[in-house]
Amino acid sequence: MRYSALSLLKNALSGHKNWQPLWRDDNPKDGYDILIIGGGGHGLATAYYLAKEFGITNVAVLEKGWIGGGNVGRNTTIIRSNYLLPGNIPFYELSMQLWEDLEQDINYNAMISQRGVLNLYHSDGQRDAFARRGNAMRLHGVDAQLLDVGEVLRLVPHLNVEDARFPILGGLFQPRGGTVRHDAVAWGYARAAGARGVSIVQNCEVTGFNISNGKVFGVETTRGPINAGRIGVAVAGSSGLLAQMAGLKLPVESHVLQAFVSEALKPVINTVVTYGAGHFYISQSDKGGLVFGGDLDGYNSYAQRGNLATVEDVCEGAISMMPALGAARILRHWGGIVDMSMDGSPIIDKTPVDGLYLNAGWCYGGFKATPASGLAFAHLLAREVSLEEAAAYRLDRFGEGALLDEKGMGAQPNLH
Ligand SMILES: Cc1cc2nc3c(=O)[nH]c(=O)nc-3n(C[C@H](O)[C@H](O)[C@H](O)COP(=O)(O)OP(=O)(O)OC[C@H]3O[C@@H](n4cnc5c(N)ncnc54)[C@H](O)[C@@H]3O)c2cc1C
């Protein structure tokens, strides 16, 4: 079914009784050419691009829960390509360009809103670092503007610039950054992949790999064994667990990250703002809720819920950046499990097990990467070589010490 103004009218006139399900809820077959483990944004996008770009449709996405139940439906919806390092900028800019065409490409409204992303700076040193980042972006053809405090206030009038403990001096602004409705991305990719013949199998947990002579030939699942010569793992916060099943140890730790939504308010913030003197980021959804988040909870965990100390910490960041936020009530908050790599950058690569491929290490920022990650992982699975824009995301860089450390934090995953 194609969405259009005409289909909307036809379905409205027939009482909305004839809309089709977005995707088939398939039963698993005995075997496929390619299996993707994980029905999050990255797994679904991979399946879609395998079908669309490489004509490979005998593919199944195996999801242990339901589509959209993982981080793809739990994140704070921010997209941007404001990176510094040459290994990262082209990849995230490719993702931004794919976002810009996504709704037409998959014929699905993902509510992509390029309302801009503003990173605040609070010291001369931070301004210099942001100027450097902005220059690196512009050298790669990415939009970036360094704003002074007056320009920042015109964008976000309620910021606390006067008697703040960390005064706001300005900001680095990427106008093309913004937000995307996160669960619509999962639904849209699932629908588009399913329409091209990919099987979407929910409630199917992978419990082990069948490996012989160093080559994988299938998986064990809660719905029986399934064979495939090529298997892509895209399970985000569960990456370490899946790798362990294949006898591998990854340079990745799993941590809880929480997100928050306030009661609906009249428009108060019309861009995405990040605080530079603490870890805090906020935007306002089209429904009026303030959507915000901050730091990790700070300990390794596979629990999709966080603790109150972090709630307090995030709210302190909010109020010190914009005191008026203290009057808003939190409506709900939740946690997701993020796969923090040792250098803060992702991995899209083959593994030492022949036929087993890995997509992991997305840290705080894998949602914005969803389209490019899917395309790059599909490219690797189909062609056995990396997409040029993702060539830096090798697994062996950790062994060689050739890290891609965007924040310069060293091998401390919780700080990236
Ligand atoms: C609170 C929070 C806020 C965030 N905010 C942002 C943001 O603003 N911008 C941004 O760019 N990024 C953000 N992120 C990060 C981003 O959401 C993730 O990096 C990204 O969604 C991970 O990829 P995914 O969508 O494929 O993951 P997921 O949606 O988690 O998909 C992985 C899937 O694998 C499944 N799975 C796990 N084990 C198995 C198994 N054994 N068998 C079968 N299936 C299995 C899981 O059930 C899950 O559905 C945020 C993350 C969180 C938690």
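One-based numbering, in listed order, for ligands and for the atoms of each. Any value given below was found using the heavy atoms of this structure, including those in side chains, with hydrogens, waters and symmetry copies removed.
At under 3.5 Å, a nitrogen or oxygen of His42, whether backbone or side chain, sits near a nitrogen or oxygen of ligand 1. For Val72, a nitrogen or oxygen atom sits less than 3.5 Å from a nitrogen or oxygen atom of ligand 1, counting backbone and side chain alike. In terms of polar-atom proximity, Lys368 is counted as a contact of ligand 1, with an N or O under 3.5 Å from an N or O of the ligand. Considering backbone and side-chain atoms together, Asp339 places no N or O closer than 3.5 Å to any N or O of ligand 1. At under 3.5 Å, not a single nitrogen or oxygen of Glu205, backbone or side chain, sits near a nitrogen or oxygen of ligand 1.
The aromatic rings of Tyr364 and Tyr281 sit perpendicular to each other, their planes meeting at more than 60°, with 30° as the lower class boundary.
Formation of a donor-acceptor pair under 3.5 Å by the Arg176 side chain with backbone atoms of Met96 is not found in this model. Here the side chain of Arg191 pairs no donor or acceptor atom with the backbone of Gly188 at under 3.5 angstrom. Checking side-chain atoms of Ser254 against main-chain N and O of Ile337 turns up no donor-acceptor pair under 3.5 Å.
Ligand-side atoms of ligand 1 in range of Val338: 51 (C), 53 (C), range being under 4.0 angstrom from any heavy atom. Atoms of ligand 1 found under 4.0 Å from any heavy atom of Leu62 (numbered from 1 in listed order, with element): 43 (C), 44 (N). Those atoms of ligand 1 with a heavy atom of Trp362 less than 4.0 angstrom away are 19 (O).
Atom 25 (O) of ligand 1 has as its closest protein heavy atom Gly41 N, 2.9 Å. Of the protein's non-hydrogen atoms, the one nearest atom 15 (C) of ligand 1 is Tyr364 O, 3.3 Å.
Counting heavy atoms under 4.0 Å from ligand 1, residue Gln258 touches it through the backbone alone. Heavy atoms of Lys64 found under 4.0 angstrom from ligand 1 belong to the backbone as well as the side chain. Contacts with ligand 1 closer than 4.0 Å are made by no heavy atom of Thr207, backbone or side chain. Residue contacts with ligand 1 for Ile37 involve side-chain atoms from C-beta outward but no N, CA, C or O (heavy atoms, distance under 4.0 Å). The proximity of Ala369 to ligand 1, defined as any non-hydrogen pair under 4.0 Å, does not occur for either the backbone or the side chain. Residue Ala186 does not touch ligand 1, judged by heavy-atom distances below 4.0 Å. Contacts with ligand 1 closer than 4.0 Å are made by no heavy atom of Leu241, backbone or side chain.
Atom CG of Leu44 is separated from atom CD of Glu63 by 8.0 Å, given to the nearest 0.5 angstrom.
Distances from atom 30 (O) of ligand 1 to the heavy atoms of Asn75, Val180, Asn71, Val117 put Asn71 nearest. One option in Val235, Val206, Val233 has a heavy atom closer to atom 36 (N) of ligand 1 than any other, and that option is Val235.
Screening Asp349, Leu358, Asn359, Asn88 against Tyr393 for a side chain to side chain contact (heavy atoms under 4.5 Å, CB included) leaves a single residue, Asn88. Each of Val59, Asn58, Leu381 was compared with Asp33 under the side chain to side chain contact (heavy atoms under 4.5 Å, CB included) criterion, and only Asn58 meets it.
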List the steps and the verdict of side chain to side chain donor-acceptor pair (under 3.5 Å) for Gln284 and Asn270. CA-CA 7 Å; Gln284 187 165 17; Asn270 66 355; over 6 Å; no
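For an aromatic pair to be called close, the ring centres must be under 6.0 Å apart, and Tyr189 with Trp23 fails this.
There is no side-chain donor-acceptor pair under 3.5 Å between Glu253 and Asn414.
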